Asker: 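My questions all concern the structure below.
In this text the structure is predicted, and so the values were computed from the model without any measurement.
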Amino acid sequence: MPTSFLNLAKLCDKLEKISKTKEKIALLSNFLTSLNPYEIEPAVFLIIGTPFAESDSQTLDISWRSILETNYTAKQTTLFNQPLTIRAVHEYFSKLAQISGSGARKKRKRLLEMLFRESSPLERKFLVRMILGEMRHGVAKGLMIKAIAEAAHLDYSLIKRLSAIYGNIGEIARLALVGGEEGLSKIEVAPFTPIKPMLAENLDSLDELFKKPVSPMAIEYKYDGVRVQIHKKADKVHIYSRRLKDITSSFPEIADLIKKTIPNHSCILDGEIIAIRRNDQRPLPFQELMRRFKRIHEVQRLRQEIPVQLYLFDILLLDDKILFDYPYQERWNILATICKGLTLAYRIISSEKEEITRFYQAALAAGHEGILLKKLNSPYSPGERKKEWLKLKEAIHADLVIIAADWGSGRRTGWLSNYHLAALDPLKGTFHEVGKTFKGLTDEEFQDMTANLQKIKTYETQYTVYVKPQIVVEVAFNEIQKSPQYPAGYALRFARIKRIRLDKDPSEVTSLDEIAYLYERQFEKKARI
DNA sequence: GTATTAATGGATC
DNA sequence: TTCAGACAGATTCGG
DNA sequence: CCGAATCTGTCTGAAGATCCATTAATAC
């Protein structure tokens with residue numbers, strides 16, 4: 001008997017109502033065990049709200065706007081009295097992903113309406129969440145991995161490792177449940193199967209680090225570009241993104257370079273690609289790099305206009321040897337030997353605070369994002385964020401005034417949780433929006449802020465409350481970008497609230513001139529466009 | 001009927 | 001990308 | 001020494017700016 005989609009929707013409903021992770025895992029594990037083998041893969045993807053595998057390039061091309069335009073309140077008309085099955089829903093998603101060309105949006109909406117007509121209100125609720133990728137039931141890939149391990153009576157660490165080296169959690173689940181450890185043995189590290197890159201944890205300051213004794217570490221420049229994993233075998237080279245997408249066509253010269261420079265080895269390399277200015281090789285802002293990313297038209301022209309530079313910093317596979325468990329320093333040595341003629345990340349080895357500080361300042365002065373600090377003996381842990389790798393970035397601070405706020409959703413329903421931030425034009429005494437943020441406040445502070453903002457409301461629309469410019473907040477951010485979206489022409493990257501400044505008057509907030517000055521100063525380091 | 005512009009979705013950070 | 005909150009397990013504290 | 005309090009690691013879900021491609025809509 002095929003499993004009905006209603007059963008899966010009921011499971012999601014239950015998951016949403018409980019908060020204990022152990023209970024969630026038990027529910028999931030039981031559900032997975034009850035499935036037919038052919039249902040495991042689609043069920044896993046549907047439950048975690050990602051219709052396709054990470055390494056799969058398929059997309060639904062549907063978001064909330066299209067859903068709103070779809071008649072999803074239509075009464076259920078169960079065709080032929082056949083209830084929706086898990087497999088049927090997944091097939092709908094596959095069909096939706098395949099629609100393209102003229103009339104695609106209409107076709108997609110029609111197909112979506114068909115799906116909605118076959119579904120009950122509960123099913124519809126979770127179908128919508130699956131399409132949006134926001135399940136809100138507290139189960140994402142992390143807990144799914146635990147549930148798969150429990151259902152298959154296998155080690156959590158085994159499943160976790162496999163999911164880090166193979167971007168198809170659904171297939172992993174099927175293999176685990178059907179074939180056990182033996183079934184999973186066919187998954188292995190090999191060129192052209194992208195691996196989740198190891199990540200670094202945030203470090204607030206060097207003072208923080210030096211509270212405890214520090215043994216020598218590798219300190220690398222942190223480049224502001226895109227993380228790339230380069231796979232090579234024979235004369236084939238592919239480049240993958242941090243989320244396992246094939247991005248080879250965005251950077252053909254990098255693929256050629258690798259082909260030429262490493263003719264005699266198979267390998268998997270880890271690095272960062274940044275945009276640089278042609279004449280002096282200085283880094284260009286991230287925005288410029290994005291103009292080359294996923295580009296199809298005018299590739300050649302942009303290749304001339306925005307050259308890129310690859311910085312390598314790790315090697316995960318050399319010929320038939322998996323290097324995850326080699327210590328960092330040994331991997332680096334191998335990398336340096338193999339990649340003669342390529343550029344490695346600039347680095348020093350040090351345990352001296354002063355020396356590291358100088359190196360950090362040098363990285364910033366050269367227009368880079370900061371530094372990474374890596375333990376010399378650290379193994380490469382695919383997909384994990386570990387204390388063995390730390391990142392340190394410079395934050396810029398500014399006082400800005402809240403001029404409006406959007407109503408939150410999900411767990412922030414009923415709170416004004418997303419604040420429009422503005423800088424001051426001192427001549428005119430007017431405020432100009434330079435970005436938004438929803439980060440930095442506690443739940444309690446959100447509640448207070450909601451009440452306070454409503455007291456100074458000037459007018460409101462469906463999603464936004466506009467207020468008198470009165471509440472000043474200190475905001476931290478990573479960078480100022482040229483903005484096509486805001487009239488002021490600038491926008492803050494990764495703005496977050498540090499504290500609410502009840503002591504400050506709106507007339508004292510950062511001026512637009514200061515924002516412009518900070519922007520220009522960035523580009524004394526980076527290249528000016 | 002063709003060229004330009006707007007809307008939408010998905011990717012990076 | 002950043003951040004806070006929830007949970008689970010480990011470690012430390014107080015009597 | 002034991003239960004309680006605190007710390008640590010992991011996972012989840014809030015939502016931002018900007019770029020590109022695709023598709024739809026509008027202008028001529």
Asker: Quick one: which of D:dG16, B:dG10, D:dA14 gets closest to the side chain of A:S409?
Answerer: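 Of the options given, the side chain of A:S409 lies nearest D:dA14.
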Asker: Under 4.0 Å between a side-chain N/O of A:K391 and OP1 or OP2 of C:dT2, yes or no?
Answerer: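 For C:dT2, OP1/OP2 do have a side-chain N/O of A:K391 under 4.0 Å.
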Asker: Tell me whether the side-chain N/O atoms of A:N478 come closer than 4.0 Å to OP1 or OP2 in B:dC13.
Answerer: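 Result: no.
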Asker: Is A:R493 positioned over the aromatic face of A:F286, cation under 6.0 angstrom from the ring centre and no more than 45 degrees off axis?
Answerer: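 Pair A:R493/A:F286 counts as cation-pi.
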Asker: Heavy atoms from C-beta onward define the side chain here; which of C:dG5, B:dC13, D:dG16 lies closest to that of A:T442?
Answerer: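 Side chain of A:T442 sits closest to C:dG5.
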Asker: Please determine if a side-chain N or O atom of A:K106 lies less than 4.0 Å away from the OP1 or OP2 oxygen of D:dT23.
Answerer: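 So the side chain of A:K106 is outside the cut-off, no N or O lying under 4.0 Å from OP1 or OP2 of D:dT23.
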Asker: Can you tell which of C:dG5, D:dA14, D:dT18 lies closest to the side chain of A:D443?
Answerer: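 Output: C:dG5.
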Asker: So does A:R243 get a side-chain nitrogen or oxygen closer than 4.0 Å to the phosphate oxygens (OP1/OP2) of B:dC13?
Answerer: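 Looking at the OP1 and OP2 atoms of B:dC13, one of them is under 4.0 Å from a side-chain N or O of A:R243.
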Asker: Taking the six-membered ring of A:F313, is the NZ or CZ of A:K374 close enough (under 6.0 Å from the centre) and on axis enough (within 45°)?
Answerer: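 Geometry flag: set, cation within 6.0 Å and 45°.
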Asker: Of the listed nucleotides (B:dT12, D:dA24, B:dC13), which one gets closest to any side-chain atom of A:K245?
Answerer: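 Of all the options, the side chain of A:K245 is nearest to B:dT12.
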Asker: According to a strict under-4.0 Å criterion, is A:R136 in side-chain N/O contact with OP1 or OP2 of D:dA14?
Answerer: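 Indeed, a polar side-chain atom of A:R136 lies that close.
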Asker: Determine, for A:Y519 and A:K482, whether the Lys NZ or Arg CZ falls below 6.0 Å from the six-membered ring centre while staying within 45 degrees of the axis.
Answerer: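 Yes, cation above the ring, under 6.0 Å and within 45°.
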Asker: B:dC13 phosphate, OP1 or OP2: any side-chain N/O from A:Y223 under 4.0 angstrom?
Answerer: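 So the side-chain polar atoms of A:Y223 never come under 4.0 Å of the phosphate oxygens OP1 or OP2 of B:dC13.
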Asker: Let's see if you can work this out: which of B:dG9, B:dT12, C:dT2 has an atom nearest to the side-chain heavy atoms of A:K439?
Answerer: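 From the listed options, C:dT2 comes nearest.
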Asker: Of the nucleotides D:dT12, B:dT8, D:dC19, which one has an atom closest to the side chain of A:E69?
Answerer: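 Looking only at heavy atoms from C-beta outward on A:E69, the closest nucleotide is B:dT8.
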Asker: Which comes earlier along DNA chain B counting from the 5' end, the contact point of A:L60 or that of A:R242, where each point is its nearest nucleotide?
Answerer: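 First, find each residue's nearest nucleotide; the 5'-ward one identifies A:L60.
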Asker: Can you identify which nucleotide, out of D:dT12, B:dA11, C:dG5, has its nearest atom closest to the A:K294 side chain?
Answerer: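 Per side-chain heavy atoms of A:K294, the pick is B:dA11.
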Asker: Within the structure, does a side-chain N or O atom of A:T437 lie under 4.0 Å from either OP1 or OP2 of D:dA15?
Answerer: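 It does not, given that no N or O in the side chain of A:T437 lies less than 4.0 Å from OP1 or OP2 of D:dA15.
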Asker: Of all the nucleotides listed (D:dC11, C:dC3, D:dG9), which has the minimum atom distance to the side chain of A:K498?
Answerer: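 The listed nucleotide nearest to A:K498's side chain is C:dC3.
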Asker: Any chance you could lay out the side-chain hydrogen bond (donor to acceptor under 3.5 Å, both in side chains) test for A:E369 and A:Y221, step after step, and finish with the verdict?
Answerer: CA-CA 8 Å; A:E369 207 184 10; A:Y221 274 13; over 6 Å; no
Asker: Could you walk me through whether A:H231 and A:Y240 pass ring pair (Phe, Tyr, Trp, His ring centres under 6.0 Å), step by step?
Answerer: CA-CA 8 Å; A:H231 291 223; A:Y240 301 95; 4.8 Å; yes
Asker: Report yes if a side-chain nitrogen or oxygen of A:T21 is closer than 4.0 Å to either non-bridging phosphate oxygen (OP1 or OP2) of C:dA6; otherwise report no.
Answerer: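 Looking at the OP1 and OP2 atoms of C:dA6, neither is under 4.0 Å from any side-chain N or O of A:T21.
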Asker: I need the A:K10 NZ to A:L122 CG distance, nearest 0.5 Å.
Answerer: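 One gets 8.0 Å once the value is rounded to the nearest 0.5 Å.
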Asker: Report yes if a side-chain nitrogen or oxygen of A:S241 is closer than 4.0 Å to either non-bridging phosphate oxygen (OP1 or OP2) of B:dT12; otherwise report no.
Answerer: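 Result: yes.
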Asker: Which comes earlier along DNA chain D counting from the 5' end, the contact point of A:V434 or that of A:R385, where each point is its nearest nucleotide?
Answerer: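 Upstream on the strand: A:R385.
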Asker: From B:dC13, B:dT8, C:dA4, pick the nucleotide closest to the side chain of A:R65?
Answerer: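 Of all the options, the side chain of A:R65 is nearest to B:dT8.
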Asker: Taking only side-chain N and O atoms of A:K387, does any of them lie within less than 4.0 angstrom of OP1 or OP2 on D:dG9?
Answerer: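 Yes, such a contact exists.
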Asker: A:D61 side chain: which of D:dA24, C:dG9, B:dG9 is closest?
Answerer: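 Shortest atom-to-atom distance from the side chain points to B:dG9.
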Asker: Starting at the 5' end of DNA chain D and moving along, which residue's nearest nucleotide shows up first, A:K160 or A:M290?
Answerer: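 Per heavy-atom nearest nucleotide, the more 5' residue is A:K160.
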